Amino acid sequence: MDRRTLLGTAAIIAGGSLALDNTLSPATAKAPRASKPFSLVSNGLPAQIMVDAEADTAVRHVADRFAEDLARVSGQSAGRPSDTMTARGPLVIIGAIGQSKIIDRLIADRRIMVTDLEGEWEAYRQIVVERPFPGVPRALIVVGSDRRGAVFGTYDLSERMGVSPWHWFADVPVMRRRSVFLTFDGQRDQPKVRYRGFFINDEDPCFSGWAKKKFGGINAKMYAHVFELLLRLKGNYLWPAMWAPKAFNDDDPNNMVLADAMGVVMGTSHHEPLTRAQDEWHRNNEAGVTGGKWDYATNGENLRRFWRGGVERMMSKGDGRGYESLLTVGMRGDGDEAMAEGTATGLLETIVADQRKIIADVTNRPVDQTPQVWALYKEVQDYYDHGMRVPDDVT
């Protein structure tokens with residue numbers, strides 16, 4: 001595993017955590033220093049907020065949350081102009097390079113410099129521009145190298161003006177302020193670890209009982225709060241709750257849709273390949289869709305059909321790229337037990353090779369263009385120590 005390695009752990013939520021790598025280059029460029037502080041709230045009045053109408057759903061979502069945060073701090077609703085001609089007063093513009101006509105125009109006019117963001121992963125810069133449009137004396141531009149860069153740059157503002165990422169889950173109070181000013185010399189940041197998130201593990205009875213009582217189940221209404229917390233903490237990756245009889249993608253089809261819309265990369269736990277929750281195998285058996293044991297040596301055809309369905313579901317978005325996912329590969333025994341007695345190195349290498357054939361076939365692109373993770377857990381670590389090969393593009 002030369003390029004993607006397991007680096008360590010992040011803050012633990014509900015039983016487990018993970019932080020997975022592609023190491024990214026640090027930022028060195030600096031933007032010009034703002035001539036004076038930017039007013040996010042002045043005499044109780046918040047700045048206006050604007051995003052392109054055609055902006056990515058994740059950018060539109062974070063703009064809505066930022067407007068709510070400004071209202072929490074100021075006590076007043078932030079204006080949401082639809083275009084630059086109707087904007088008045090201090091303005092916050094949120095968007096990503098190549099995905100925002102407003103920001104691309106500012107770049108073309110050399111009002112903002114973003115060359116150090118181009119092509120980067122989840123990088124962002126916050127830039128103050130003087131008199132960018134008629135009626136707008138100053139604008140704060142939150143520009144991301146991609147959609148999540150814009151999200152993280154915006155939530156960074158929320159946290160710095162006093163809205164904790166835990167404001168909902170832990171009831172952290174938000175102090176009301178008459179004035180909030182931002183002072184910086186072109187804040188610029190990006191992650192050094194590509195995939196950062198947590199695993200909702202060992203979740204019964206506490207997490208499940210709470211979700212059923214408050215939301216009617218482990219559903220998209222509940223996960224909306226989990227996704228928001230993850231993004232506010234500048235994470236991007238989630239292994240969902242998976243104790244039987246849960247199945248993230250099957251229980252509520254909106255779970256997968258909402259995660260992608262908010263910008264969250266979804267995965268599945270270490271023994272749930274190709275987006276398939278373990279309980280889905282038993283559901284498919286009961287429905288007669290698949291059959292037999294969870295045993296690749298004797299039932300490989302049914303398992304391959306089952307896994308193919310998981311990748312087909314991921315690609316059902318219809319845009320050629322699918323719902324953003326980090327696909328788990330590999331296999332353990334049913335119920336997270338050892339797959340076989342002794343060292344099943346050859347069998348496990350065959351399984352992963354076959355899973356990667358499925359990925360390439362269903363996505364219609366080279367397999368290394370779909371991110372994958374293989375958790376070398378328990379006896380699988382023993383196989384690895386005894387020489388089992390892991391493809392270099394797999395985390």
Side-chain angles (χ1 to χ4, degrees), residues 9-20 165-166 168-172 195-233 235-259 262 264-287 289-290 293-294 306-307 309-310 313-314 323 325-328 330-339 373 375-380:
T9 57
I12 295 176
I13 307 296
S17 64
L18 50 157
L20 302 177
W166 294 93
W168 191 86
F169 266 103
D171 298 317
V172 178
Y195 296 108
R196 314 165 307 280
F198 46 78
F199 175 19
I200 303 175
N201 190 21
D202 296 341
E203 70 273 13
D204 285 336
C206 296
F207 182 84
S208 297
W210 166 78
K212 289 173 184 175
K213 180 179 178 180
K214 298 295 184 182
F215 299 98
I218 313 292
N219 54 31
K221 289 187 291 185
M222 184 282 299
Y223 270 116
H225 296 286
V226 176
F227 299 154
E228 182 180 328
L229 172 65
L230 177 68
L231 294 167
R232 283 181 181 270
L233 291 169
N236 61 3
Y237 178 44
L238 180 69
W239 282 5
M242 47 67 67
W243 270 30
K246 300 184 195 71
F248 177 84
N249 293 304
D250 201 44
D251 290 339
D252 184 349
N254 288 324
N255 285 341
M256 175 177 64
V257 175
L258 181 64
M262 291 179 66
V264 172
V265 182
M266 287 305 304
T268 44
S269 74
H270 58 283
H271 71 111
E272 299 185 300
L274 305 195
T275 83
R276 288 294 207 179
Q278 192 66 24
D279 198 65
E280 287 187 78
W281 172 252
H282 300 287
R283 297 179 191 186
N284 276 265
N285 274 346
E286 292 170 3
V289 179
T290 57
K293 294 182 177 180
W294 181 264
F306 175 66
W307 292 332
R313 179 174 57 196
M314 181 190 79
Y323 295 101
S325 306
L326 178 56
L327 291 178
T328 297
M331 185 177 182
R332 292 197 81 218
D334 193 4
D336 198 17
E337 300 294 337
M339 185 174 64
V373 60
L376 305 183
Y377 176 70
K378 277 198 171 179
E379 78 283 349
V380 186

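Computed from a predicted model, the values in this text were never measured in an experiment.
The backbone N or O of W243 lies less than 3.5 Å from a partner atom in the side chain of E203, making a donor-acceptor pair. Side chain of T275 to backbone of G310: a donor-acceptor contact under 3.5 angstrom is found. Within the 3.5 Å criterion, the main-chain N or O of V264 finds no donor-acceptor partner in the side chain of N236. The backbone N or O of F215 lies less than 3.5 Å from a partner atom in the side chain of N219, making a donor-acceptor pair. Between the side chain of D279 and the backbone N or O of A247 there is no donor-acceptor pair closer than 3.5 Å. Side-chain atoms of Q278 do not come within 3.5 Å of backbone N or O of E272 as any donor-acceptor pair. Under the 3.5 Å distance criterion, the side-chain polar atoms of R283 are matched with a main-chain donor or acceptor of P245.
The two residues F207 and A241 have their closest heavy-atom pair at CE2-CB, 4.3 Å. Considering all non-hydrogen atoms of both residues, L238 and F227 come closest at CD2-CE2, 3.7 Å. Taking all atoms of both residues into account, the shortest heavy-atom contact from G330 to P273 is O-CG, 3.1 Å. In terms of heavy-atom proximity, F169 sits nearest to W210 at CE2-CH2, 3.7 Å. What you find for A375 and H270 is that their closest heavy atoms are CB-CB, 3.4 Å.
Annotation: side chain of R276 is in contact with side chain of F306 (closest heavy-atom distance under 4.5 Å). Put simply, the side chain of F248 does not reach to within 4.5 Å of the side chain of I218, judged on heavy atoms.
A cation-pi contact, defined as under 6.0 Å to the ring centre and within 45° of the axis, is absent between R332 and Y377.
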